[in-house]
Structures are given as C-alpha cells and as structure tokens.
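For reference, the structure discussed in these notes is given below.
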2 protein chains.
Amino acid sequence: MPTSRSYRDSCGIARALDVVGERWALLVVRELLLAPQRFSDLRHALPGVSSNVLADRLRELEQHDVLRRDPDSGRYDLTDRGRQLEPILVALGDWGIEAPQPPPPAALSATSVLLFLRGAAHPDPAAPPVTYRLELDGRVWTLRLADGRAEVRPGEPPIADVSLRTDPATLSALLAGSAMLTATRAAVAGDPSAIDRLVRAVAEPDPG
Amino acid sequence: MPTSRSYRDSCGIARALDVVGERWALLVVRELLLAPQRFSDLRHALPGVSSNVLADRLRELEQHDVLRRDPDSGRYDLTDRGRQLEPILVALGDWGIEAPQPPPPAALSATSVLLFLRGAAHPDPAAPPVTYRLELDGRVWTLRLADGRAEVRPGEPPIADVSLRTDPATLSALLAGSAMLTATRAAVAGDPSAIDRLVRAVAEPDPG
DNA sequence: CAGGATCCTTAGCGATACTG
DNA sequence: CAGTATCGCTAAGGATCCTG
C-alpha cells in the first residue's frame, strides 16, 4: 500500500517533496543516477530499506514519472524528469559531506562512491586521457579521466589502461588516502600508476 | 522526543537527508529563507504540522546547526550552514513547479509566494528601480525591482513607490494573471501602475 | 497569549516470512 | 528474482493542557 499523504501546499518545494520527500525516495533516485538497476540491485545498494518499502517507493516514483520499469529487463531507470534531479542531488550531497559521519557500520554503495569520485576528481587537463575498468560488487563500470574531469558509465570499456576489482569501501579508502593499494585486497591488472593518478586527481584541490 | 533514525550510509546525500530529510524539515528551512520566524509564525505558515512535530524538527535542526533560536526575540533563524541550503531548495522548487497541483484547499505561505516572486521576476534592467511595501498576513516585507532582478527583505522599506496589503493567495493569483487587482480585496496605496509592472515582470519570459 | 508539553490515535516504517 | 503478506514499532497528526 503506497504512501499517499501530501503537504497540501502549493509551493513548488512542497510539491517536490510530495513526490520525492518520502523516506528512501531520494536514495533510490541516487542509485539510478549512473545506471539502471534491478530490484535486487537496489536492495543490495540500500541494505537498510525493507522490500515492502522499496516496492512502495518504486511504485510511487513510477506513478510520478520519476522512474520507469522496463518490463523486459526488469530494470528501473530514471525518466527525463527524474534525471533533472541529478544536479539537486549532487548539491545536496556536497552539503551533506560537511555533516558528521555516521558511526560505522555504514553502508556505501558503488553508486555513492562513483558519484563522489566523479565530483571530486580534478585530473590534470593537460594529461592524456586514461580509461579504467572498475568492478565493484561484481558489476563493471567504465571510468574515464579526460579534459580535466571524470566520466562514469556503466558497463565494459572498449579498452582500458587499468582494471581494478574491489568493493566500494576499499575504493573509497583508496581515494581518501587512508589505505595503500598494496595493503588492500583489490585486484589490479594493467598499469598500476594509473591508480596513483586517479588518487591524486581526487586529492588535489578543485582548480575552479 | 526528537527523531533519531539514520540511513547509516556514508554518502553525502544520505547524510544530508539524515539532517533535513525528516518530514517538514525542509519546509521549515523554506520558511526561514527570507526572514527569521517565531514558533507561531511557523505554525501559521505550515498549518499541516502539529506543534509537537514542529518542536521536534526545530530541536533537531538546531542540534545539526541548520538553524538557531534567539533567546531574546524567540525567533528562529538559519545559520550559515542552513543558508547554504537556499540554492538547493530553490532548484527543488523549480523542479516541483512542474508537478501536478495538489487539490485545493492547499496552503500558501507568504514566504512561498515571495520566493516564487523573487525567482520568477525578470524586470526590465533598463527601467528605474521600484520599491514595494508588501503586507502579507499582517507582516511587512520590502520588495525591490532593480538591475533586472527582484530582491525581497523583511521589514518596512525606507520609502516605497506603492504599498500593497493582501494575503498570499491573492498575491499569487495576481502574479499568475488569474485575478485582476480591482477584483480583489487587496488594499493599494501609492502608484497603482507599479503593480502592473510587477505582474509583467513575473509574466515575461526569462531572458537568461 | 505565545510557546510549547502531553496524551492519544493513526499511518508509515522496519523486519521477517512467504509466494509466483 | 521480484516482489507480497503480516505484524510489531515508531513517527506523524490532532487535540488538549500546562507555564511564563
């Protein structure tokens, strides 16, 4: 039984919150920012949400034209309207970064780390492009550093300079500089120096 | 008894929602964007929130350094950190404008209308500045059109070209062009043509 | 009277078990 | 795998009642 309460307020902010203000709704949207996801993908990325609540949120968000379920693949993907939330979510995430960290154990989905990575990376614009194959939680992503910014896409890269297989928490620790690659159980193939370059691109201050 | 549940997710978006994701929290922030407000002001602006929930939200938001209560005046005001939410809320409101209107009766606070007005107004940059004295729900605001944009501040203007006393819904209807000034119970003093100019500034398309 | 605090009811949430 | 059914818990909603 989906939620059907409203703020009954004509303001755009209140009407937006009528759509995406229920618990877990914006985190579901977050998980779909980089790639479509199945029901089980979302459950794995959001271990705190129970299946009935997730089903409710997906139904409501589909009714409000934020996302759509593809009947063939069973995957949920954002609609154009849902995708318009991306800059808002990114800005909200930047704001939330300043908040105190939740006490562990805290979840960290692949999408979360990749969104952070994409936003925090400031690679040297003059350096040649690099392509990474990232395998996180068994799923493959393509990361490309080029033209001074990072681009993330789902799926296999055509060619990759380096391949890194690990989990979101380890990747996050690497990027934060709180772990050395050799001290983790990450599997690397290809040019290891490209990993250093990635870490430095995230560590260096925003040139803007 | 304040809410103290967390998404337990390290992502900045989730941590932001741990602070401002509870019901009514962002609408409280909205009400404080333009001016400090008392507890009773907030209750009036948000007729759907019950006093215990409002008290809980204010406590939580104060604990998280989003707002602060001034002991002398009893007014709640945003902190610097809370004010950083302004562009996010404005963007969320723009997104929400596209959502279907809630069935009436829907609330419409003075802050809501003034936020909409400030964002939607595109006055002729070449025209001379105009200052309005707006009295909404018994509270006085200063509105100034100058340099191609609108500025809203709480309190009496030093001098005003025109004074308009009405309620938020009537002002909204005037701005939307769905009501004529002469057909409302709005009280006007000063230069009535300045009201027309305001309506046109809102009606005209965004030059940007 | 403003600014809450208390009480009670309801509805959304969280966890687990179950089904096509 | 992709949800549905069930149930106890907790936050939200509404009214009333304190306290300066």
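Per chain, numbering begins at 1; letters A, B, ... match sequence-line order.
The distance between atom CD of B:Gln37 and atom P of C:dA2, rounded to the nearest whole Å, is 15 Å. Taking atom CG of B:Leu42 as the reference point, atom C1' of C:dA2 lies 13 Å away to the nearest angstrom. When the P atom of C:dG12 is taken as reference, atom CZ of A:Arg59 falls 13 Å away, rounded to whole Å. What separates CG of B:Leu54 from P of C:dG4 is a distance of 9 Å, to the nearest Å. Atom CG in A:Asp18 sits about 13 Å away from atom P in C:dG12, given to the nearest Å. In this entry the distance linking NE2 of A:His44 with P of D:dA2 reads 14 Å, nearest Å. Rounded to whole angstrom, the span from the CD atom of A:Glu62 across to the C1' atom of D:dG3 amounts to 14 Å. A straight line from CG of A:Leu58 to P of D:dA2 spans 11 Å, rounded to a whole angstrom.
Look at B:Tyr76 and you'll find a side-chain N or O under 4.0 angstrom from OP1 or OP2 of C:dG4. Put simply, A:Arg75 has no side-chain N or O that comes within less than 4.0 Å of OP1 or OP2 on D:dA2.
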Protein heavy-atom contacts under 4.0 Å, written 5' to 3' over nucleotides 6-20 of chain D as B (base), S (sugar-phosphate only) or - (none), form the string B----SSBBB-----
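Between B:Arg5 and B:Glu22 a salt bridge is recorded (basic side-chain N to carboxylate O distance below 4.0 Å). In this structure, A:Arg75 does not pair ionically with A:Asp41, as no charged nitrogen and carboxylate oxygen lie closer than 4.0 Å. A salt bridge links A:Arg68 to A:Asp65: one of the charged nitrogens lies within less than 4.0 Å of a carboxylate oxygen.
Annotation: B:Tyr132 is not in aromatic contact with B:Trp141 [ring centroid separation under 6.0 Å not met].
Counting only distance, with no hydrogens or angles, the side chain of A:Asp191 and the backbone of A:Ser193 share a donor-acceptor pair below 3.5 Å.
Of the N and O atoms on the side chains of A:Ser163 and A:Glu135, not one donor lies less than 3.5 Å from an acceptor on the other residue.
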